[in-house]
Visitor: 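The following block contains the structure, expressed as structure tokens.
Here the structure is a predicted model, which is why all the values come from computation and not from measurement. Note that ligands are numbered from 1 as they come in the structure, with each ligand's atoms numbered from 1 the same way.
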Amino acid sequence: MKNIIVATGGRSLEGSIEVHGAKNAALPIIAATILATGECHLEGVPLLQDVVTMSNVIRSIGLGVEANGRELVIVPTPTVNPEVPSELMRKLRASNLVMGPLLGRYHYFRVPYPGGCAIGSRPMNIHLKGLAAMGAEITEKQGFIEAKTKGLRGTDIYLDFPSVGATENLMMAAVLADGVTNLHNAAREPEIIDLQNFLNNIGACISGAGEGTIVIEGVKELDGTSYKIIPDRIEAATFLAAAVGTGGDILIKSCLPQHFLSVLAKFKEMGAKISIYKDGIRVKGPQRLKAVDCKTLPYPGFPTDVQPQLMALMTVAEGTSVLVESIFENRFKHVAELRRLGADIKVEGQIAVVNGVRSLSGSNVEASDLRAGAALVIAGLMAEGETIIEGINHIDRGYEQIEKSFQKLGAQIERKIKN
Ligand code: EPZ
């Protein structure tokens, strides 16, 4: 038996909604607790499959993890098992974020390659090059990566690409290193700043996150702390897109607008009216969207994690839109599904040309990854008639009961068991 989501279009979303804690801040921070010698209390953790999997990853290493709703209590362990089981690593690519903390504190790890996923091959060369520069001896054989060191030392590292995961792994490896590490061309995402703040709360000495160079001064030991995860900017952008696409009028509360200004600018260009308050955003969608061009870029550029949702809006905008995906090499899996709803999209490599149609019409579609799935839900809320979305296990990895959030905003949408 499989879960499906059934969405019926034609309604404009109205009302208010709260966003949850950021998945992509929670995952590296859970990994970072490997470095702590004291108990860590994390609050505002989203109730997501990926968080459960990451909790199981650090449990497999030996840490104690107790989940009470949106709070995680993580208890350090005197001894670790620095080898993460393959089935866990394969389930969640972000489990590669244990590499930095394990090497930094225990001077060893052996992990299976987490493997690629629907959106690309996801190599880890930038992670491993940086760890080697800090003094790690790395061997890759039979699908495993093994790293050991007598002790990491601070150094200058120039990232070939501002990789989010590589920046996070190298920050966590450097906090206990001997000396100062400068990470140049580091990722600038808000989740990187959240990781810096968490690490400094347990006693690290880091500055510069959110700018081009992050400076990490090695310290001797790290303690425990209590910490609240930042709100999820991608979930907020997803709710925004649904309101903009259905000509709705919603208020999104407990989000940080400054974390997704590029998304707000793009939606305004399409005709949305946006008002920013201290604790949220009000967005009103236009009668008809205007076509726009967009290229996904590292932060603060337009985020790749909102590319599929933007494309869903482009399918019914007036005019022709050009969308360039510059971060991942294979993040257009949602195009074939949007075409099934009547979209007119041509793809050439990393470029999609979207000719806006008057309206989409409901059909059966399948999600290939979590953001593509969210885009198909939005398209289903915009399409005439009923849309059945399969593959919603992908959506549940990154969104807490997405259908309930949209039901709160007046959408006709429900989760069913496919017989
Ligand atoms: C993080 O993935 C996010 N995941 C992704 O969100 C997000 O799409 C991505 O950053 C980009 O913003 C988490 O934070 C858990 P990258 P990450 O390393 O760290 C290439 C979602 O939907 N690259 O910045 O894996 C890589 O192949 C997920 O929540 C190398 O070539 O992304 C990709 O093309 C999906 N070598 C580009 O860089 C490396 O060593 C960006 O990857 C590392 C990355």
Visitor: Answer yes or no: is there a side-chain heavy-atom contact under 4.5 Å between Ser226 and Glu43?
Guide: yes

Visitor: For Arg331 and ligand 1, answer yes if some heavy atom of the residue is under 4.0 Å from a ligand atom, otherwise no.
Guide: yes

Visitor: In terms of side-chain geometry, is the basic nitrogen of Glu403 or Arg415 positioned less than 4.0 Å from the acidic oxygen of its partner?
Guide: yes

Visitor: Below 4.0 angstrom from a heavy atom of Met124, which ligand 1 atoms are there? Numbered from 1 as shown, please.
Guide: 39 (C), 40 (O)

Visitor: Would you say the side chains of Glu191 and Tyr299 form a donor-acceptor pair under 3.5 Å?
Guide: no

Visitor: Please identify which atoms of ligand 1 are closer than 4.0 Å to at least one heavy atom of Phe161.
Guide: 37 (C), 38 (O), 41 (C)

Visitor: Identify the closest protein heavy atom to atom 4 (N) of ligand 1: which residue and atom is it, and at what distance?
Guide: Asn24 ND2, 3.7 Å

Visitor: Fit a plane to each ring of Tyr158 and His184, take the angle between them on a 0 to 90° scale, and name the class: parallel (under 30°), tilted (30 to 60°) or perpendicular (over 60°).
Guide: parallel

Visitor: Suppose we measure from atom 26 (C) of ligand 1 to each protein heavy atom; which comes out shortest, and what is that distance?
Guide: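 Result: Phe328 CE2, 4.3 Å.
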
Visitor: What residue and atom, counting heavy atoms only, is the protein's closest point to atom 18 (O) of ligand 1, and at what distance?
Guide: Ser163 OG, 2.7 Å

Visitor: Quick one: does any side-chain atom of Arg105 pair with a main-chain N or O of Ile34 as donor and acceptor, under 3.5 Å?
Guide: yes

Visitor: What part of Lys23, side chain, backbone, both or neither, has a heavy atom within less than 4.0 angstrom of ligand 1?
Guide: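 Lys23 to ligand 1: side-chain contact only, backbone stays beyond 4.0 Å.
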
Visitor: Looking at Phe260, does the NZ or CZ of Arg233 lie under 6.0 angstrom from its six-membered ring centre and within 45 degrees of the ring axis?
Guide: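 No, cation not above the ring by the 6.0 Å, 45° rule.
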
Visitor: Taking N or O atoms only and a 3.5 Å limit, does Gly165 qualify as a polar contact for ligand 1?
Guide: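 By distance alone, the answer is yes.
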
Visitor: Polar contacts were defined as any N/O atom of the residue lying under 3.5 Å from an N/O atom of the ligand; does this apply to Ile327 and ligand 1?
Guide: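 In this structure, Ile327 places an N or O atom under 3.5 Å from an N or O of ligand 1.
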
Visitor: Does ligand 1 have an atom that lies less than 4.0 angstrom from a heavy atom of Ala166?
Guide: no

Visitor: Starting from atom 40 (O) of ligand 1, which protein heavy atom do you reach first, and at what distance in Å?
Guide: Ile126 N, 2.8 Å

Visitor: So is Asn125 polar-close to ligand 1, meaning N/O to N/O under 3.5 Å?
Guide: yes

Visitor: Atom 17 (P) of ligand 1: which protein heavy atom is closest, and how many Å away?
Guide: Arg122 NH2, 3.8 Å

Visitor: Can you confirm, on distance only, whether ligand 1 has an N/O atom lying under 3.5 Å from any N/O atom belonging to Val164?
Guide: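 Such a contact does occur with ligand 1.
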
Visitor: Would you mind checking if Lys416 and Glu414 are paired as a salt bridge, meaning a charged N to carboxylate O distance below 4.0 Å?
Guide: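 A salt bridge links Glu414 with Lys416.
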
Visitor: Test your reading of the structure: does Glu329 have an N or O sitting under 3.5 Å from an N or O of ligand 1?
Guide: no

Visitor: To the nearest 0.1 Å, how far is atom 5 (C) of ligand 1 from its closest protein heavy atom, and which atom is that?
Guide: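 Here the closest protein heavy atom is Asp305 OD2, 3.8 Å.
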
Visitor: By number and element, which atoms of ligand 1 are closer than 4.0 Å to a non-hydrogen atom of Leu370?
Guide: 22 (O)

Visitor: Using 4.0 Å as the upper bound for N to carboxylate O, is an ion pair formed by Asp305 and Lys23?
Guide: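 Result for this pair is no, no salt bridge flagged.
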
Visitor: Tell me the closest heavy-atom pair linking Pro28 and Glu168, and the distance in Å.
Guide: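 For Pro28 versus Glu168, the nearest heavy atoms are CG-OE2, 3.6 Å.
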
Visitor: If you measure from each heavy atom of Arg93 to ligand 1, is any distance below 4.0 Å?
Guide: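 Checking ligand 1 against Arg93, which is what was asked, there is a heavy-atom contact under 4.0 Å.
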
Visitor: Less than 3.5 Å between some nitrogen or oxygen of Thr304 and one of ligand 1, yes or no?
Guide: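 Not met; the criterion fails.
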
Visitor: Can a donor-acceptor pair be found between the side chains of Thr53 and Gln49 at a distance below 3.5 Å?
Guide: yes

Visitor: If you count the atoms of ligand 1 from 1 in the order shown, which ones are under 4.0 Å from a heavy atom of Arg371?
Guide: 21 (C), 22 (O), 29 (O)

Visitor: Does a donor on one side chain and an acceptor on the other come within less than 3.5 Å for Thr238 and Tyr399?
Guide: yes

Visitor: If you measure every N or O of Ile119 against every N or O of ligand 1, does any of those distances drop under 3.5 Å?
Guide: no

Visitor: Does the Glu348 side chain pair with the main chain of Ile351, one donor and one acceptor, at a distance under 3.5 Å?
Guide: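 No, the answer is negative, given that no donor and acceptor are paired below the 3.5 Å cut-off.
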
Visitor: Just one of Leu92, Val52, Leu48 clears the side chain to side chain contact (heavy atoms under 4.5 Å, CB included) bar with Arg397, so which one?
Guide: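 Of Leu92, Val52, Leu48, side chain to side chain contact (heavy atoms under 4.5 Å, CB included) with Arg397 is met by Leu92 alone.
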
Visitor: For atom 7 (C) of ligand 1, is the nearest protein heavy atom closer than 4.0 Å?
Guide: yes

Visitor: Could you tell me whether Glu269 and Lys266 make a salt bridge, using a distance below 4.0 angstrom between a side-chain N and a carboxylate O?
Guide: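 Salt bridge between Glu269 and Lys266, a charged N being under 4.0 Å from a carboxylate O: yes.
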
Visitor: For atom 31 (O) of ligand 1, grab the closest protein heavy atom and report residue, atom and distance to one decimal in Å.
Guide: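 Minimum-distance protein heavy atom for atom 31 (O) of ligand 1 reads Pro123 CG, 3.4 Å.
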
